[in-house]
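What you see is a predicted model, and the numbers here were worked out from it, not measured in a lab. Numbering of residues begins at 1 and proceeds along the displayed sequence.
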Amino acid sequence: MRWKPSAEACASEPQRADRLWRGNQPAGSPVVSEEQSDLLPTLDLRQEMPPPRVSKSFLSLLLRVLSVSLSLIGDVLVIVYREVCSIRFLLTALSLLSLFLAALWWGLLYLVPPLENEPKEMLTLSEYHERVRSQGQQLQQLQAQLDKLHKEVSSVRAANSERVAKLVFQRLNEDFVRKPDYALSSVGASIDLEKTSHDYEDANTAYFWNRFSFWNYARPPTVILEPDVFPGNCWAFEGDQGQVVIRLPGRVQLSDITLQHPPPSVAHTGGANSAPRDFAVYGLQVDDETEVFLGKFTFDVEKSEIQTFHLQNDPPTAFPKVKIQILSNWGHPRFTCLYRVRAHGMRTSEGAGDSATGEPH
């Protein structure tokens with residue numbers, strides 16, 4: 001009976017042949033499996049195929065991104081266009097433009113120097129140094145002239161200092177009143193002591209020898225008829241009210257009365273509270289009984305040390321005597337000081353002005 005190979009035997013034949021073939025391979029050669037041998041033709045085919053193309057999903061994604069970007073750009077452009085076209089933006093732009101143009105115009109007018117002031121020619125370095133040197137010489141000459149003038153002025157001042165001092169003292173003696181003084185002892189004026197207040201006597205501070213007449217430092221009322229006015233050289237009476245009657249050198253039609261008192265700056269007590277403040281002026285007739293009111297005034301120590309007051313002698317009346325009645329002072333509690341009293345007017349002959357009458361006191 002003839003033997004036939006079974007199906008399993010037939011199936012194992014290729015495996016057996018494969019083993020035999022692998023066994024016949026030389027040692028160290030790479031062993032290729034059946035699966036790898038089956039993949040070799042496939043790999044060769046892939047190497048010969050062209051590069052793969054972009055898939056449809058990627059293209060669709062790219063188109064979607066581009067569409068979204070274009071839509072965003074379009075929205076931004078629409079917003080910008082609306083903002084540009086708005087009235088607010090236009091007004092803001094016009095305002096900024098006008099400010100810019102105004103600043104530019106102001107800069108052109110004030111900051112940029114005018115063309116006509118620019119030098120018409122360029123100076124070389126040597127010319128520039130020459131001009132600087134000449135100007136320096138001119139400055140030195142001017143300085144020399146100023147020094148010479150200063151020396152001349154100093155010499156003139158030194159030479160004329162005595163003359164200037166004499167002029168100053170002369171003007172001070174005139175006191176800028178420039179009116180004749182009929183209450184001046186050197187022209188014949190005197191004090192009527194019977195009608196004049198008593199002198200101030202400070203018994204608490206007087207020394208023993210001050211009680212003697214030749215040691216007494218108190219000034220008599222005749223001091224007010226002298227031109228020498230300096231601190232302390234005054235007639236003082238007790239309290240803040242008193243009077244002094246001055247005999248004039250003749251019958252005088254009185255027009256003004258001048259009072260003088262040193263300023264507070266030169267007072268030894270640091271003030272002028274002993275100066276008279278409110279006072280009245282009367283003209284006395286020949287009988288010494290009739291008094292004519294000539295005015296009431298206030299001596300202000302803050303204004304000037306010499307003050308002239310115009311009298312109310314209208315129509316003009318001539319008087320042989322004048323009375324100064326002090327009504328108050330500037331606060332001194334014990335005494336009031338009179339430094340100088342002047343009487344101004346026009347002197348008349350004897351008997352002139354007798355018909356003129358005034359308001360009796």
Side-chain angles (χ1 to χ4, degrees), residues 172 174-184 189 191-192 195-200 219 221-246 248 252-284 291-317 319 321-346 358-361:
L172 288 176
E174 293 176 357
D175 294 326
F176 304 102
V177 177
R178 297 200 178 266
K179 292 182 180 181
D181 181 16
Y182 293 102
L184 194 62
I191 300 295
D192 188 349
K195 296 182 179 297
T196 301
S197 300
H198 297 288
D199 301 345
Y200 172 72
R219 308 300 295 168
T222 55
V223 74
I224 67 174
L225 308 179
E226 302 294 337
D228 297 331
V229 178
F230 51 86
N233 189 32
C234 67
W235 171 62
F237 59 87
E238 188 173 0
D240 59 350
Q241 294 183 358
Q243 66 180 26
V244 60
V245 176
I246 303 173
L248 302 176
V252 179
Q253 294 179 359
L254 297 174
S255 61
D256 303 278
I257 287 291
T258 298
L259 264 64
Q260 182 174 354
H261 194 280
S265 58
V266 299
H268 292 80
T269 57
N273 56 356
S274 63
R277 184 170 184 173
D278 299 323
F279 66 97
V281 181
Y282 299 91
L284 274 65
E291 296 182 354
V292 179
F293 177 73
L294 300 179
K296 181 180 177 182
F297 312 97
T298 299
F299 182 84
D300 190 354
V301 293
E302 298 295 334
K303 288 185 177 180
S304 175
E305 59 178 311
I306 302 174
Q307 300 177 30
T308 301
F309 307 92
H310 185 67
L311 300 178
Q312 305 171 9
N313 191 7
D314 189 20
T317 304
F319 302 98
K321 296 181 181 180
V322 61
K323 182 176 78 171
I324 312 297
Q325 185 176 9
I326 307 300
L327 303 177
S328 64
N329 62 13
W330 284 92
H332 201 286
R334 298 194 306 273
F335 58 85
T336 303
C337 287
L338 276 180
Y339 275 82
R340 187 179 179 186
V341 177
R342 309 182 203 186
H344 311 292
M346 181 179 299
E359 180 183 354
H361 175 64

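Taking both residues in full, the closest heavy atoms of Cys234 and Cys337 are given as SG-SG, 3.2 Å, listed atom of the first, atom of the second, then distance. Closest non-hydrogen pair, Asn313 versus Phe319, comes out as ND2-CE1, 3.9 Å. Pairing each heavy atom of Ala272 with each of Pro264, the nearest pair is CB-CG, 3.9 Å. Taking each heavy atom of Ala343 and Asp181 in turn, the nearest pair found is N-OD1, 3.1 Å. Between Pro221 and Thr196, the closest heavy-atom pair is CB-CG2, 4.5 Å. In terms of heavy atoms, Phe299 sits closest to Glu305 at CZ-O, 3.8 Å.
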Intermediate values then yes/no, side chain to side chain contact (heavy atoms under 4.5 Å, CB included), Leu338 and Ile326: CA-CA 10 Å; Leu338 276 180; Ile326 307 300; 4.3 Å; yes
Steps toward side chain to side chain contact (heavy atoms under 4.5 Å, CB included) verdict (Ser197, Gln241): CA-CA 9 Å; Ser197 300; Gln241 294 183 358; over 6 Å; no
Intermediate values then yes/no, side chain to side chain contact (heavy atoms under 4.5 Å, CB included), Trp235 and Val244: CA-CA 10 Å; Trp235 171 62; Val244 60; 3.9 Å; yes
Criterion side chain to side chain contact (heavy atoms under 4.5 Å, CB included) on Leu311 and Val281, from CA distance to verdict: CA-CA 8 Å; Leu311 300 178; Val281 181; 4.0 Å; yes
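At least one donor-acceptor pair under 3.5 Å links the side chain of Thr336 to the backbone N or O of Gly239. In this structure, the side chain of Tyr339 engages the main chain of Gly232 through a donor-acceptor pair within 3.5 Å. A donor-acceptor pair is defined here as one N or O able to donate and one able to accept, closer than 3.5 Å; such a pair exists between the side chain of Asn233 and the backbone of Asp228. Within the 3.5 Å criterion, the main-chain N or O of Ile246 finds no donor-acceptor partner in the side chain of Asp192. Within the 3.5 Å criterion, the main-chain N or O of Phe293 finds no donor-acceptor partner in the side chain of Gln312. At distances below 3.5 Å, not a single donor-acceptor pair connects side-chain atoms of Ser255 with backbone N or O atoms of Gln253.
At a threshold of 4.5 Å between non-hydrogen side-chain atoms, the residues Leu248 and Leu254 count as touching. Looking at heavy atoms from C-beta onward, Asp240 lies out of side-chain contact with His332 at the 4.5 angstrom threshold.
Of the residues listed (Lys179, Arg342, His344, Arg340), the one engaging Thr258 in a side-chain hydrogen bond (donor to acceptor under 3.5 Å, both in side chains) is His344, and it is the only one. Of the candidates Lys321, Gln325, Lys323, Glu291 forms a side-chain hydrogen bond (donor to acceptor under 3.5 Å, both in side chains) with just one, namely Lys323. Shown are Val245, Leu225, Val223; of these, the side-chain contact (heavy atoms from CB on, under 4.5 Å) with Ile191 is made only by Leu225.
Relative ring orientation between Phe335 and Tyr200 is described as tilted, the plane-to-plane angle lying within the 30° to 60° band. Note on ring orientation: taking the six-membered ring where Trp is involved, the planes of Phe297 and Phe279 are tilted (angle from 30° to 60°).
Atom CD of Gln307 sits in a crowded spot, with more than 12 heavy atoms from other residues, nucleotides or ligands closer than 6.0 Å.
Taking NZ from Lys296 and OH from Tyr282, the interatomic distance works out to 8.5 Å, rounded to the nearest 0.5 Å.
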